[in-house]
Number of protein chains: 2
Amino acid sequence: MIRRTPQQPRERGIPDATVARLPLYLRALNGLAERAVATVSSEDLAVAAGVNSAKLRKDLSHLGSYGTRGVGYDVQYLIYQISRELGLTQDWAVAIVGVGNLGRALANYGGFVSRGFRVAGLLDADPEVVGDHIAGLVVEHSDELESVIAKRGVSIVVIATPATAAQAVCDRVIASGVTSILNFAPVVLTVPAGVDVRKVDLSIELQILAFHEQRKVNGGPVMGEEWAGEVS
Amino acid sequence: MIRRTPQQPRERGIPDATVARLPLYLRALNGLAERAVATVSSEDLAVAAGVNSAKLRKDLSHLGSYGTRGVGYDVQYLIYQISRELGLTQDWAVAIVGVGNLGRALANYGGFVSRGFRVAGLLDADPEVVGDHIAGLVVEHSDELESVIAKRGVSIVVIATPATAAQAVCDRVIASGVTSILNFAPVVLTVPAGVDVRKVDLSIELQILAFHEQRKVNGGPVMGEEWAGEVS
DNA sequence: TCGACTTTGTGCATCACTTCACAAAGGCAC
DNA sequence: GTGCCTTTGTGAAGTGATGCACAAAGTCGA
Ligand SMILES: NC(=O)c1ccc[n+]([C@@H]2O[C@H](COP(=O)([O-])OP(=O)(O)OC[C@H]3O[C@@H](n4cnc5c(N)ncnc54)[C@H](O)[C@@H]3O)[C@@H](O)[C@H]2O)c1
Ligand SMILES: NC(=O)c1ccc[n+]([C@@H]2O[C@H](COP(=O)([O-])OP(=O)(O)OC[C@H]3O[C@@H](n4cnc5c(N)ncnc54)[C@H](O)[C@@H]3O)[C@@H](O)[C@H]2O)c1
């Protein structure tokens with residue numbers, strides 16, 4: 001995406017791999033804070049987050065020098081620094097498009113609100129669903145998509161529609177100025193540069209598990225007849 | 001996990017990054033097959049799957065030499081080969097533990113069954129929930145976990161319980177011989193070697209989006225007062 | 001005040017994955 | 001057949017992430 005000149009060594013740039021782990025550290029730190037732990041070593045925090053301690057230290061070093069040698073990291077302070085880096089000190093208005101099985105589960109989920117994400121809109125195309133009250137919100141018709149995004153200052157959209165509708169919804173959302181999308185529909189969304197799409201595909205996760213499971217059982221795919229069939 | 005001697009160049013081993021993309025190719029191929037496309041070039045398939053064509057070719061080369069130079073890949077044949085490699089030619093019994101908002105959405109989701117994954121058990125600890133009929137199944141009490149796994153030949157377990165219950169469920173599941181787990185609870189599960197855990201954490205995905213979103217708006221986290229506070 | 005001890009932050013070697021670029025393979029037209 | 005044209009499969013170079021290992025920094029007890 002964002003290309004930078006090889007000159008400046010990535011001004012305040014944090015590697016993607018690191019960014020993806022920061023929320024993990026944050027979760028572990030919150031766990032420690034609840035147990036009233038004041039400081040933590042990279043070793044202990046690494047164990048709690050399920051990573052290597054050298055990796056943890058290198059990740060944190062990208063944010064700045066927030067540790068104290070001989071002691072470790074101040075839990076509260078580190079929570080604050082990571083939250084700030086991730087942009088969790090402000091809160092983000094999220095809209096969910098597609099209020100079916102999955103959309104409802106997401107809307108009812110408390111884990112988002114607790115992290116500065118506020119569900120500010122629920123939209124669906126089905127007149128049966130429009131008007132339903134879910135998690136204190138009323139489902140609106142997806143015709144209102146643009147106005148809901150504008151009026152409520154939505155900056156992140158979650159797409160939980162069927163795959164066939166996802167690209168169209170995506171296009172409209174981007175036209176409304178949104179540049180951050182979380183997609184649950186099993187399709188590759190085409191978006192212009194500058195728009196971030198992250199996808200969650202449960203089916204893919206299961207398929208990866210199946211791959212490894214098969215290896216454990218067989219030592220490989222369908223043994224015996226492998227390579228047998230020419231393509232005719 | 002599985003360490004191999006540097007001698008043998010990874011006997012039939014497929015890089016993890018490749019395995020993670022195979023389901024993507026499979027989905028793209030199924031789309032082509034529905035539109036009755038007989039053959040496809042690496043270039044076209046790469047576009048459909050949203051990847052670089054060189055990467056696609058290298059990925060497929062790990063499975064074998066299934067293309068025809070000057071022509072491309074036979075769609076049906078490639079679908080078969082990838083399915084076989086992923087272990088989707090057999091079907092897998094899946095149990096879902098924790099039938100709350102998310103567990104229900106998963107149970108009702110048709111996208112699993114279509115890929116050789118059969119939901120063979122729904123388990124919950126709440127007596128209110130036990131006995132409910134969902135997607136043609138009756139929710140059973142989680143006390144029955146071990147016997148359900150054994151009787152129905154469950155090889156993949158989905159954990160959709162609250163975070164606090166996840167590790168305990170995980171331990172019991174592993175004790176029953178399951179070695180493939182898909183975890184939705186926001187905790188790091190501790191498992192013995194040989195057990196595969198994949199996790200899906202929606203909250204993490206949103207946090208990563210927020211990070212990038214913040215960069216777009218500000219060019220960085222909370223400008224102005226940054227680095228201001230010493231840790232006291 | 002000092003010295004022993006702990007733990008960070010990072011240079012460096014290594015590993016894994018990506019991308020380029022092209023020779024070899026094969027189809028197809030004539 | 002023969003030769004052109006397309007597309008694969010893959011060496012090799014490039015990029016980024018990982019993990020080791022250790023010097024530097026800081027704490028704390030005596
Ligand atoms: N439920 C799951 O566990 C699960 C798992 C993996 C992937 N998914 C994917 O998530 C998506 C949603 O799944 P689901 O089970 O909730 O499906 P669902 O059919 O229950 O819900 C989809 C909802 O989207 C609405 N919709 C359709 N077109 C729309 C449009 N243009 N604008 C706004 N809303 C629209 C429908 O009215 C419906 O309410 C699907 O793409 C599915 O493949 C779901
Ligand atoms: N709903 C979402 O969109 C969402 C999003 C991200 C993460 N999650 C995570 O997924 C998990 C489930 O979320 P949810 O919204 O469905 O929660 P939920 O509270 O609606 O459902 C949890 C279910 O698990 C059952 N349960 C509790 N302890 C159990 C045990 N020991 N054995 C079996 N069942 C048990 C409860 O009875 C309940 O039915 C949570 O860990 C949550 O953090 C959910």
Side-chain angles (χ1 to χ4, degrees), chain A residues 1-7 9-10 13-22 24-25 29 32 37-75 77-78 81-82 208 230-232, chain B residues 1-10 13-22 24-25 29 37-75 77-78 81-82 208 230-232:
Chain A
M1 323 250 139
I2 299 140
R3 280 277 146 257
R4 56 199 170 280
T5 58
Q7 285 340 48
R10 193 203 274 246
I14 297 179
D16 286 347
T18 294
V19 173
R21 281 187 295 265
L22 290 180
L24 219 60
Y25 303 152
L29 285 165
L32 293 169
V37 177
T39 63
V40 65
S41 71
S42 63
E43 189 55 42
D44 290 351
L45 183 53
V47 169
V51 303
N52 176 300
S53 74
K55 183 152 64 181
L56 171 77
R57 286 198 300 276
K58 186 151 290 184
D59 283 343
L60 294 183
S61 77
H62 287 114
L63 312 190
S65 240
Y66 297 143
T68 305
R69 294 169 191 232
V71 177
Y73 300 87
D74 181 278
V75 172
Y77 186 61
L78 196 51
Q81 290 298 345
I82 295 179
I208 295 170
E230 281 313 278
V231 62
S232 88
Chain B
M1 325 255 136
I2 300 141
R3 281 275 146 258
R4 53 196 171 284
T5 57
Q7 284 341 47
Q8 21 179 183
R10 193 203 273 248
I14 297 179
D16 286 347
T18 295
V19 173
R21 282 187 296 266
L22 290 179
L24 219 60
Y25 303 153
L29 285 164
V37 177
T39 63
V40 65
S41 68
S42 63
E43 190 55 43
D44 291 351
L45 183 54
V47 169
V51 301
N52 176 300
S53 73
K55 184 151 62 180
L56 173 78
R57 286 198 298 279
K58 185 146 289 186
D59 282 343
L60 294 183
S61 77
H62 287 112
L63 312 190
S65 237
Y66 297 143
T68 307
R69 292 165 193 236
V71 177
Y73 300 88
D74 182 279
V75 172
Y77 185 61
L78 196 52
Q81 289 298 345
I82 295 179
I208 295 171
E230 281 314 275
V231 64
S232 86

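Order of the sequence lines fixes the chain letters, A, B, ..., with proteins taken first and strands second; residue numbering starts at 1 for each chain.
- Between S42(B) and R21(A), the residue whose closest nucleotide on DNA chain D is further toward the 5' end is S42(B).
- A sub-4.0 Å separation between OP1 or OP2 of dT7(C) and a side-chain N or O of S41(A) is absent.
- Nucleotide dT8(C) holds its C1' atom 13 Å from the CG atom of L78(A), rounded to whole Å.
- Between the CZ atom of R21(B) and the CG atom of L60(B) there is a distance of 10.0 Å, given to the nearest 0.5 Å.
- Dashed line: the shortest gap from a side-chain N or O of Y73(B) to OP1 or OP2 of dG9(D) is under 4.0 Å.
- For the pair D16(B) CG and dT18(D) P, the interatomic distance rounds to 13 Å; values are reported in whole Å.
- Applying the salt bridge (charged side-chain N to carboxylate O under 4.0 Å, His left out) test to residues at least two apart or on different chains, none of the pairs has a partner in residues 39-57 of chain A.
- One atom, CD of E43(B), and another, P of dG9(D), lie 15 Å apart when rounded to the nearest Å.
- Summarising the geometry, the separation between NE2 on H62(B) and C1' on dT18(C) is reported as 12 Å, rounded to the nearest angstrom.
- In this structure, L45(A) places its CG atom 14 Å from P of dT7(C), rounding to the nearest Å.
- Between the P atom of dG9(D) and the CG atom of L63(B) lies a distance of 10 Å, rounded to the nearest Å.
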In B/S/- notation, 5' to 3', how is nucleotides 20-30 of chain D contacted by protein heavy atoms closer than 4.0 Å? BB--BBSS---

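- Shown here for L45(A) and Y25(A), the closest heavy-atom pair between the two residues is CD1-O, 4.4 Å.
- Closest of all the heavy-atom pairs between D74(A) and Y77(A) is OD1-N, 2.9 Å.
- Considering all non-hydrogen atoms of both residues, Y73(B) and S42(B) come closest at CE1-CB, 4.0 Å.
- In terms of heavy-atom proximity, H62(A) sits nearest to K58(A) at ND1-O, 3.1 Å.
- Legend: residues meeting side chain to side chain donor-acceptor pair (under 3.5 Å) with T18(A), ordered by chain and number and at least two apart, are D59(A).
- At whole-Å resolution of the value, CG in D59(B) and C1' in dC17(C) are 10 Å apart.
- Scored by the side-chain contact (heavy atoms from CB on, under 4.5 Å) test, A46(B) finds V51(B), S53(B), L56(B) as partners (sequence neighbours excluded).
- Bending across the helix from dT1(C)-dA30(D) to dC30(C)-dG1(D), expressed as the angle between its end axes from five pairs apiece, amounts to 10° (10° rounding).
- Atom-to-atom, OH of Y66(B) to P of dG26(C) comes out at 16 Å; the value is rounded to the nearest Å.
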